[in-house]
There are 2 protein chains.
Amino acid sequence: MTIGLAHAELIAVLSAVTREEPRVMTIRSGDALPSGPFELGHRSLQAGLREWVRDQTGHPVGYLEQLYTFADRDRTRENAGSRTISISYLGLVREQAAPGAGRPEWHGWYEYFPWEDHRKGRPDILSGITGRLQDWADAAPAHREHRRRRIDFTFGLHDATWNEDLALQRYELMYEAGLVTEAGCSREQSLGRQMFADHRRILATAIARLRAKIKYRPVVFELMPEKFTLLQLQRTVEALAGLTLHKPNFRRLIDQQELIEETGEVTTETGGRPAKLFRYRHAVLEERALSGSKLPLSRN
Amino acid sequence: MTIGLAHAELIAVLSAVTREEPRVMTIRSGDALPSGPFELGHRSLQAGLREWVRDQTGHPVGYLEQLYTFADRDRTRENAGSRTISISYLGLVREQAAPGAGRPEWHGWYEYFPWEDHRKGRPDILSGITGRLQDWADAAPAHREHRRRRIDFTFGLHDATWNEDLALQRYELMYEAGLVTEAGCSREQSLGRQMFADHRRILATAIARLRAKIKYRPVVFELMPEKFTLLQLQRTVEALAGLTLHKPNFRRLIDQQELIEETGEVTTETGGRPAKLFRYRHAVLEERALSGSKLPLSRN
DNA sequence: TCCTTTATACTCGTGTTGAGTATATCTGGC
DNA sequence: GCCAGATATACTCAACACGAGTATAAAGGA
């Protein structure tokens with residue numbers, strides 16, 4: 001029985017939204033996510049990542065959340081018997097944060113996942129994807145029905161509707177079906193920009209997690225400047241979700257949650273009628289907004 | 001710069017519900033969670049844990065989900081410079097599974113967290129807890145208001161209502177306030193049964209995660225026998241949530257989700273009028289039940 | 001037979017949510 | 001200066017989900 005000695009590596013998905021586009025910090029011209037070894041000096045995993053990101057990029061990280069941990073047999077290292085344990089994190093960064101010395105490269109989420117952006121309608125690329133997925137399903141008669149149901153559900157076909165939270169499931173399905181380069185598909189046939197190793201999969205995990213989270217925790221504000229208009233807030237949520245929202249209802253939702261307050265100022269930079277500026281109510285609301293339970297409670 | 005070499009350890013929170021009581025598998029007579037090193041032979045973390053649990057306990061694990069990864073300076077090992085990375089998992093086990101060779105010891109959740117079970121009303125222990133938390137808040141004038149808001153929210157005091165999902169936050173708050181032995185509190189003053197190292201904290205994480213999850217994913221069925229009555233299902237959910245539910249509304253919720261179907265049989269073992277037996281609709285519903293988004297969508 | 005116990009079915013009021021419409025206030029062109 | 005276009009903000013209405021309570025059905029046991 002071999003004791004588990006392994007290399008520990010931290011991988012960060014740092015995201016920001018600038019000019020209505022969600023972006024991720026990358027290295028190697030967009031080919032990989034920033035990562036580094038977990039060092040002995042670090043107090044904890046979280047602290048280690050924080051330090052390391054600040055040193056490398058000059059960006060202070062606001063919100064930071066662990067995503068997933070996985071292990072792989074070492075690919076690149078000399079000692080092939082060893083293993084690497086990768087711990088991935090999702091971090092949110094303010095739009096206005098000064099760019100650091102390392103001159104980080106930001107790339108739009110949807111370069112890597114063009115089928116995930118539905119703000120301008122259902123992307124054309126999707127019909128090609130679902131077509132090829134259907135072929136993949138038909139190629140295995142034994143699993144055909146099951147695969148079809150999975151495809152329909154995951155991509156919102158037939159009676160199902162598109163669910164933006166399923167970004168990871170969609171990527172995994174495409175991976176299984178061999179539609180992405182990481183799965184050994186040819187470069188011409190591959191869909192979306194690829195990344196080193198499983199980094200694109202980690203990015204998909206981060207996108208899915210964040211899209212789910214904005215619905216029940218007020219994390220969007222970690223991405224907003226201090227003062228913002230309601231439309232700016234809506235556009236940021238839309239960028240993350242890859243969807244367009246219903247303006248009146250979005251506003252109603254926001255102000256019934258009482259998460260923000262007027263600053264008293266207005267801005268005319270938006271084109272038409274001047275828009276009120278709002279700010280997030282930090283102090284009062286550190287807790288809460290965990291919304292209500294969907295269980296039918298009984299009182300006694 | 002030291003490269004991160006570390007020990008990798010897997011920790012499992014295996015849960016079941018028997019006789020309307022949620023239980024967790026333990027070792028050392030309930031003092032610790034089962035854990036073991038991640039070995040080289042394992043294909044992946046998840047597979048490693050599955051194998052290892054089956055060998056040790058004879059229980060097949062149904063649902064398995066990663067909880068959290070954390071790092072600590074080694075406590076027990078000889079090489080003090082090294083570190084241990086602990087990866088914790090939540091696993092769900094069927095009630096009827098045969099007990100294995102290892103004769104696992106199951107202990108009720110609420111031995112460790114007596115304040116979390118509200119099925120018979122608000123536990124008496126809670127008044128003591130919140131009283132001591134108030135003292136802790138008052139002891140630090142600078143943070144008093146903030147701490148009070150945290151206590152009120154987390155324990156459902158004043159205008160707030162009890163939120164069963166906050167099990168982890170409650171434990172963390174009590175830890176900060178020094179109310180549990182793990183934080184250096186005396187044995188007499190400690191609340192709830194303690195565990196080795198941070199295992200009780202991991203259990204709290206698992207409880208919180210599971211309580212949140214049953215609301216939007218049909219994971220309860222991983223804990224049910226093949227055939228069950230609606231009341232059995234309700235009692236299982238109640239056991240996990242630590243709450244009593246409104247019977248008519250629970251039934252309505254269940255059948256509008258179309259997650260189960262009648263077997264055609266009935267059982268008279270429940271006392272009064274015979275109850276219909278139901279089964280979970282595996283096949284059709286592997287996906288879905290991710291419920292709806294809370295975002296105000298617009299169609300175009 | 002009646003009483004207790006559990007199962008199952010129905011009602012009703014309220015609040016949230018999807019969808020659409022109306023009014024206010026700016027800029028820029030004529 | 002006035003109108004068109006653009007954006008901001010406010011209001012309405014129907015459908016549905018949800019909390020809460022009530023009524024009926026079918027067993028076992030005194």
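Naming: A, B, ... by sequence-line order, numbering from 1 per chain.
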Side chain to side chain contact (heavy atoms under 4.5 Å, CB included) between Y280(A) and V220(A): does it pass, once the steps are laid out? CA-CA 10 Å; Y280(A) 179 54; V220(A) 215; over 6 Å; no
Yes or no on side chain to side chain contact (heavy atoms under 4.5 Å, CB included) for T18(A) and W106(A), after CA distance, side-chain angles and deciding distance? CA-CA 10 Å; T18(A) 53; W106(A) 292 91; over 6 Å; no
Does the side chain to side chain contact (heavy atoms under 4.5 Å, CB included) test come out yes or no for T205(B) and V13(B), once each step is laid out? CA-CA 10 Å; T205(B) 309; V13(B) 181; over 6 Å; no
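Whole-Å rounding puts the R235(B) CZ to dT6(C) P distance at 9 Å. Nucleotide dT16(C) holds its P atom 15 Å from the CD1 atom of I254(A), rounded to whole Å. In this structure, the CG atom of N249(A) is 15 Å from the P atom of dT12(D), given to the nearest Å. Between the C1' atom of dT7(D) and the CD atom of Q232(A) lies a distance of 13 Å, rounded to the nearest Å. One interatomic measurement links the two molecules: CZ of R252(B) to C1' of dA7(C), which rounds to 17 Å at whole-angstrom precision. Nucleotide dA8(D) holds its C1' atom 10 Å from the CZ atom of F278(A), rounded to whole Å. If you take CG of L243(B) and P of dG19(D), they are 12 Å apart, rounded to a whole angstrom. Between E262(A) atom CD and dT9(D) atom C1' there is a gap of 11 Å when expressed in whole angstrom units.
Applying the 4.0 Å criterion to OP1 and OP2 of dA7(C), one finds that K276(B) has every side-chain N and O outside that range. For Q256(A) and dT17(C), the shortest distance from a side-chain N or O to OP1 or OP2 is below 4.0 Å. Within the 4.0 Å cut-off from OP1 or OP2 of dT9(D), not a single side-chain nitrogen or oxygen of K247(A) is found.
Comparing L230(A) and L253(B), the nucleotide of DNA chain D nearest to each residue sits closer to the 5' end for L230(A).
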Walk along nucleotides 24-30 of chain C from 5' to 3' and tag each nucleotide B, S or - by protein heavy-atom contact under 4.0 Å, base first, then sugar-phosphate. BBBS---
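Taking 4.0 Å as the cut-off between side-chain N and carboxylate O, E226(B) and R94(B) do not count as a salt-bridged pair. Under the 4.0 Å criterion applied to side-chain N and carboxylate O atoms, K215(B) and E164(B) are assigned as salt-bridge partners.
Residue R251(A) has its side chain nearest to dT9(D) when only dT9(D), dA7(C), dA19(C) are considered. When the nucleotides dC18(D), dA7(C), dG20(C) are ranked by their closest atom to the side chain of H246(A), dG20(C) comes out on top.
At the heavy-atom level, P248(A) lies under 4.0 Å from base atoms of the strands shown.
No donor-acceptor distance shorter than 3.5 angstrom exists from the side chain of R281(B) to the backbone of E261(B), with no hydrogens or angles considered.
The side-chain tip of R119(B) does not point at the ring of W109(B) from less than 6.0 angstrom away and within 45° of straight on.
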